[in-house]
2 protein chains.
Amino acid sequence: MKQETRQEEIIRVAAKLFKEKGYSAVTMRDLATAMNIKAASLYNHINSKQDILESIIISIAEKFTVGMTSVLASNATCIEKLKEIIALHVEISSQNIYGMAALNHDWMHLESQLNHYKKLRSDYENDFKTILIEGVNSGEIIDIKPDVMMFSILTTLRSLYLWIPKKEDVNLKELTNNLNEILIKGVVK
Amino acid sequence: MKQETRQEEIIRVAAKLFKEKGYSAVTMRDLATAMNIKAASLYNHINSKQDILESIIISIAEKFTVGMTSVLASNATCIEKLKEIIALHVEISSQNIYGMAALNHDWMHLESQLNHYKKLRSDYENDFKTILIEGVNSGEIIDIKPDVMMFSILTTLRSLYLWIPKKEDVNLKELTNNLNEILIKGVVK
DNA sequence: GTCTATACACTGATAGAC
DNA sequence: GTCTATCAGTGTATAGAC
């Protein structure tokens with residue numbers, strides 16, 4: 001395990017505060033207090049508050065993109081691909097429970113990276129929808145609007161970060177299995 | 001249709017801005033600009049920014065509470081109750097697409113009404129979970145953790161506001177039917 | 001690497017004229 | 001009911017000492 005740099009520590013603590021109050025409501029003084037230093041000292045490690053937000057959001061968004069690329073590359077069935085996507089969300093969410101909040105709710109406060117983020121997200125959704133449409137065409141899943149199916153599954157997966165930390169005893173494998181059952185069962189033919 | 005008061009107009013416009021940027025990032029000057037007046041003039045109609053947030057969140061939260069009370073009072077089966085809850089969310093969300101964003105993401109910025117909101121929410125979730133547990137006990141729905149089932153269904157329903165406005169052609173009846181199929185099918189035995 | 005001191009734009013909100 | 005003028009407090013960020 002590589003030693004955490006001071007910069008990484010700041011970003012980690014910031015993500016936690018952003019989850020609690022949102023990016024706009026967290027001040028550099030709040031962040032400094034949580035780090036037990038003064039606000040001015042933060043700037044020895046980071047360039048701006050905006051840079052912190054970018055680090056958090058873009059790094060996670062790119063993990064999803066990489067994961068989806070891997071899912072698309074496989075020769076699995078539609079249902080198997082959906083299961084892989086569920087596992088991808090459980091894994092990334094459980095390892096980034098604070099950052100996921102910023103990804104979901106503070107992306108609109110991105111400045112220079114806003115369009116980059118939007119493209120990553122829309123590409124991801126398009127890939128997801130394509131998988132569902134193929135599943136409908138091959139008869140694997142039910143023939144209702146792919147938009148509604150994607151919305152239903154994806155909003156559940158995107159909200160995992162809200163729920164995983166509440167249950168400290170939650171077994172991630174069991175959670176994944178339960179989600180597989182509930183979410184897949186809802187769309188399988 | 002009753003004529004909208006100036007106060008109601010301010011609250012409506014504020015909710016729209018809160019959805020776009022979040023409570024903390026919206027300034028009274030932003031709100032005034034959107035109303036085509038100056039910030040100081042807002043205070044002739046409202047007491048504070050905080051009061052606006054309270055109006056938006058508490059009024060919607062109480063609609064859910066009233067709806068749940070009605071669902072609980074019926075003699076319907078667990079599945080029928082779930083369908084009523086889905087219909088409740090579709091109705092409230094479609095009529096409060098802006099306010100739902102504040103309810104979901106800005107409740108932590110409530111001050112005097114924070115505990116009131118938290119109690120309404122936790123009561124609602126407990127009632128929801130009770131319905132699911134009864135369904136498991138009666139054999140109507142599958143026997144997996146009620147927490148996971150509730151989480152999955154409720155996060156989808158709570159995110160409806162994000163999705164309804166995107167599809168201007170969406171037929172709410174059809175949406176409700178699709179959600180009934182996907183969400184119920186996922187938990188039915 | 002952290003501090004104190006500070007710049008200076010912006011925040012919610014009020015007073016009082018019209 | 002809206003305006004201008006203004007206040008006290010807080011926001012991000014920088015300069016320079018240690």
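The figures here come from the full heavy-atom set of this structure, side chains too, leaving out hydrogens, waters and symmetry mates. Every chain is numbered from 1 and lettered A, B, ... according to where its sequence line falls, protein lines coming before strand lines.
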Problem - Out of C/dG12, C/dA5, C/dG1, whichever nucleotide has its closest atom nearest the side chain of A/Ala40 - result: C/dA5
Exercise for the section: Would you please indicate if the ring centroids of B/His89 and B/Phe64 are separated by under 6.0 Å? Expected result: yes
Completion exercise
Rounded to whole Å, the NE2-P distance (A/His45 to C/dG1) equals 5 Å
Practice task
Figure out the CD1/P separation between A/Ile10 and C/dG1, and round it to whole Å.
Solution key: 10 Å
Practice task
Specify the separation, in whole Å, of atom CG of A/Asp30 and atom P of D/dT12.
Solution key: 8 Å
Problem - Proximity to the side chain of A/Asn44 - top-ranked nucleotide from C/dC3, D/dT12, C/dG1 - result: C/dG1
Problem - Earlier contact from the 5' end, DNA chain D, for A/Asn47 and A/Ala25 - result: A/Ala25
Handout entry: Closest listed nucleotide, where the reference is the side chain of B/Arg6 and the choices are C/dT11, D/dG11, D/dT2
Key = D/dT2
Problem - Pair B/Thr155-A/Thr155, side-chain donor/acceptor within less than 3.5 Å - result: no
Problem - Out of D/dT12, C/dT2, C/dA13, whichever nucleotide has its closest atom nearest the side chain of B/Lys49 - result: C/dA13
Handout entry: NZ or CZ of A/Lys49 within 45° of A/Tyr23 ring axis and under 6.0 Å
Key = yes
Exercise for the section: With A/Ile184 as reference, evaluate A/Ile86, A/Leu179, A/Ile153 under the side chain to side chain contact (heavy atoms under 4.5 Å, CB included) test and give the passing residue. Expected result: A/Ile86
Practice task
Please state whether the phosphate of D/dT14, meaning OP1 or OP2, lies under 4.0 angstrom from any side-chain nitrogen or oxygen of A/Tyr43.
Solution key: no
Handout entry: N/O (side chain, A/Lys38) to phosphate O (OP1/OP2, C/dT2) under 4.0 Å
Key = no
Completion exercise
Of the listed D/dG1, D/dG11, D/dA13, the closest approach to the A/Arg29 side chain comes from D/dG11
Handout entry: Distance, rounded to the nearest Å, where A/Met35 contributes CE and C/dG1 contributes C1'
Key = 11 Å
Practice task
Measure from CG on B/Leu31 to P on C/dC10 and round the result to the nearest Å.
Solution key: 18 Å
Exercise for the section: Kindly say whether B/Leu160 contributes a backbone atom to a donor-acceptor pair with the side chain of B/Ser93 at under 3.5 angstrom? Expected result: no
Practice task
Specify the separation, in whole Å, of atom CG of A/Asn36 and atom P of C/dG1.
Solution key: 17 Å
Practice task
Tell me whether the OP1 or OP2 atom of C/dG1 has a side-chain N or O from A/Ser41 closer than 4.0 Å.
Solution key: no
Practice task
Would you mind reading off the distance between B/Met28 atom CE and C/dA9 atom P, rounded to a whole angstrom?
Solution key: 23 Å
Problem - Nucleotide D/dT12, atom P - distance to CG of A/Leu42 in whole Å - result: 10 Å
